[in-house]
A.B. asks: 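First, the structure itself, so that you have it in front of you.
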There are 2 protein chains.
Amino acid sequence: MPRAGLDRAAVIEAAAALADREGLPALTLARLAAELGVKAPSLYNHVSGLPDVERALAIAGARETNARMLRAAAGKARREALVAVGFAYRDFALERPGLYAASVRAPAPEDAEHQRIGNEAVATIVAVLSGFGLADDDALHATRGLRAVIHGFVGLEAAGAFRLALGREESFLRLLTAFAVGLEHSIDARKGS
Amino acid sequence: MPRAGLDRAAVIEAAAALADREGLPALTLARLAAELGVKAPSLYNHVSGLPDVERALAIAGARETNARMLRAAAGKARREALVAVGFAYRDFALERPGLYAASVRAPAPEDAEHQRIGNEAVATIVAVLSGFGLADDDALHATRGLRAVIHGFVGLEAAGAFRLALGREESFLRLLTAFAVGLEHSIDARKGS
DNA sequence: AACAAAAAACTAATGATATTAGGCATTGTG
DNA sequence: CACAATGCCTAATATCATTAGTTTTTTGTT
């Protein structure tokens with residue numbers, strides 16, 4: 001039997017491509033092996049099982065998302081930064097639906113590495129909101145809010161929930177703007193202005 | 001062999017209970033059958049397969065969500081109605097995580113019944129936003145926004161994404177309020193006030 | 001260069017799952 | 001009370017993931 005010349009990276013890459021192309025649920029070891037011209041058990045020389053592959057996709061997706069958000073936020077502040085980060089996240093989800101879907105699943109509580117990557121993305125959101133001059137709990141609540149706004153819109157869009165012929169970018173832009181405006185006002189209100 | 005006395009409703013109910021208790025992924029026909037004191041193939045006398053069960057849960061969940069949102073919105077308007085509906089949705093997701101998870105999956109495009117239930121929930125959101133005096137596209141964009149806000153926050157919370165010791169109700173309240181405030185202001189801006 | 005060790009592929013087997021087919025008992029109805 | 005429908009069963013097939021054990025190819029060492 002000739003060797004296929006696989007390694008872990010090649011397996012994970014093929015898995016990502018398959019998940020992007022046919023959806024995360026279509027990613028099975030049997031399918032992946034066939035795609036790579038190999039029998040399913042052979043994959044165990046490179047990965048420890050399906051959960052390992054899924055975790056690798058989740059981490060790769062989270063890394064990529066975070067990198068894009070950081071790039072998008074560079075040199076921007078407040079409302080502009082918030083919108084840029086939102087769209088960076090959305091673009092990634094639309095371009096790599098399989099990786100995105102994998103990265104959405106919450107990391108196992110005992111998976112320190114995966115948790116760490118997730119925390120970095122949260123830190124990026126925190127940084128984006130720092131320009132709004134929020135302190136302490138205000139900043140934490142706002143972070144949860146922005147995560148929810150972005151995750152919610154992108155998730156619904158990825159699930160095909162927006163079927164109307166109405167610009168989705170426009171919807172997203174308005175949502176991000178409304179949240180930003182709302183944030184600014186709640187700050188004013190709290191300052192007693 | 002004595003009869004178990006099952007019918008479709010009993011099967012679906014047990015499936016919902018199992019999904020709530022152990023998570024939607026734990027819902028398998030084998031598991032469900034064991035729970036009901038019956039062998040898996042016997043379930044086919046009452047449901048047409050696992051997808052049928054999942055669809056039934058999705059529809060039941062969507063119905064219940066919608067009913068709760070309608071009840072919550074009755075007699076309220078604008079910001080108050082928006083907050084009430086958001087919390088009604090959230091309460092349901094926390095009380096019935098399995099049903100909620102099932103109802104989040106988008107209906108198949110050819111599944112008219114399921115689509116219809118989903119549209120009713122959208123109509124409820126539209127109604128809640130009607131008090132804000134939005135017209136045409138503005139109303140549609142805002143509806144997408146509110147759906148995203150609610151779905152996003154509740155989804156993250158259900159996934160265990162909010163691990164800090166910081167009131168989650170408070171975070172959600174602030175998010176809904178920020179969105180409402182942002183909406184009001186974007187309306188003002190558009191009116192040129 | 002030869003050979004031993006490591007790595008990568010394979011086949012075979014196990015166990016979970018869904019699902020279909022076919023048989024038998026129970027039940028409710030004429 | 002017979003009988004037809006119904007509900008449950010066992011048996012069988014097919015798809016997965018995964019483990020064990022084998023073979024073959026590389027690789028690295030002497």
Side-chain angles (χ1 to χ4, degrees), chain A residues 1-60 98-99 101-102 105 107-108 110-111 114, chain B residues 1-60 98-99 101-102 105 107-108 110-111 114:
Chain A
M1 326 109 197
R3 293 246 170 137
L6 294 182
D7 60 7
R8 180 181 173 86
V11 171
I12 300 300
E13 257 183 64
L18 177 56
D20 283 336
R21 188 155 25 88
E22 311 197 9
L24 191 55
L27 173 62
T28 68
L29 288 189
R31 190 68 206 291
L32 181 55
E35 199 105 347
L36 290 165
V38 116
K39 305 292 174 162
S42 303
L43 297 178
Y44 286 80
N45 286 309
H46 308 292
V47 297
S48 77
L50 186 57
D52 184 23
V53 174
E54 289 171 339
R55 173 177 177 274
L57 295 189
I59 288 178
L99 270 192
R105 309 221 268 229
E110 71 279 9
D111 187 343
H114 193 172
Chain B
M1 323 109 198
R3 295 244 171 140
L6 294 182
D7 59 7
R8 180 180 174 87
V11 171
I12 301 299
E13 256 182 65
L18 177 55
D20 284 336
R21 187 156 25 87
E22 311 197 8
L24 191 55
L27 174 62
T28 68
L29 289 188
R31 188 69 206 290
L32 181 55
E35 199 105 346
L36 290 165
V38 117
K39 305 291 174 161
S42 303
L43 296 177
Y44 287 79
N45 286 307
H46 309 292
V47 297
S48 76
L50 186 56
D52 184 24
V53 174
E54 289 170 339
R55 174 178 177 273
L57 294 190
I59 288 179
L99 270 192
R105 309 221 268 229
E110 71 278 8
D111 186 343
H114 193 173

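Within every chain, numbering begins at 1; the chains are lettered A, B, ... in the order of the sequence lines, protein sequences first and strands thereafter.
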A.B. asks: Roughly how far apart are A:Glu22 CD and A:Glu35 CD, rounded to 0.5 Å?
C.D. replies: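 Going from the CD atom of A:Glu22 to the CD atom of A:Glu35 covers 6.5 Å.
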
A.B. asks: Measure across B:Ala30 and B:Ala40 and return the closest heavy-atom pair with its distance rounded to 0.1 Å.
C.D. replies: CA-CB, 4.3 Å

A.B. asks: Within the structure provided, determine whether B:Leu57 and B:Leu27 are in side-chain contact (heavy-atom separation under 4.5 Å).
C.D. replies: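 In contact.
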
A.B. asks: Flag the pair A:Val38 / A:Leu43 as yes when at least one side-chain heavy-atom distance between them is below 4.5 Å, and no otherwise.
C.D. replies: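 Yes; the side chains approach each other to less than 4.5 Å.
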
A.B. asks: If we only count heavy atoms from C-beta on, is the A:Thr28 to A:Leu50 side-chain gap below 4.5 Å?
C.D. replies: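 A side-chain contact is absent here, since even the closest heavy-atom pair is not under 4.5 Å.
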
A.B. asks: Rounded to whole angstrom units, what separation is found between the CG atom of A:Leu27 and the C1' atom of D:dA17?
C.D. replies: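 So the CG-C1' distance, A:Leu27 to D:dA17, works out to 13 Å.
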
A.B. asks: Between CZ of A:Arg55 and CD1 of A:Ile12, what distance do you get to the nearest 0.5 Å?
C.D. replies: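 Result: 10.0 Å between the selected atoms.
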
A.B. asks: Can you tell me how far CG of B:Leu18 sits from CG of B:Leu36, rounded to the nearest 0.5 angstrom?
C.D. replies: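 If I round to the nearest 0.5 Å, the distance is 9.0 Å.
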
A.B. asks: Contacts to DNA chain D from residues 8-21 of chain A, heavy-atom cutoff under 4.0 Å, which residues?
C.D. replies: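 Listed by number, there are none.
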
A.B. asks: Using whole Å, what does the distance between atom P of nucleotide D:dT27 and atom CG of A:Asp7 come to?
C.D. replies: 13 Å

A.B. asks: So which atom in A:Arg8 and which in A:Ala56 form the shortest heavy-atom distance, rounded to 0.1 Å?
C.D. replies: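 Closest approach of A:Arg8 to A:Ala56: NH2-CB, 4.0 Å.
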
A.B. asks: Polar atoms only, N or O, under 3.5 Å: list the protein pairs with nucleotides 14-16 of chain C and their distances.
C.D. replies:
none

A.B. asks: side-chain contact (heavy atoms from CB on, under 4.5 Å) with A:Val47: which of A:Leu6, A:Val11, A:Leu32?
C.D. replies: A:Val11

A.B. asks: Can any side-chain N or O of A:Asp20 pair as donor or acceptor with the backbone N or O of A:Ala17 at less than 3.5 Å?
C.D. replies: no

A.B. asks: Between residues 32-57 of chain B and DNA chain D, which residues have a heavy-atom gap below 4.0 Å?
C.D. replies: B:Val38, B:Lys39, B:Pro41, B:Ser42, B:Asn45, B:His46

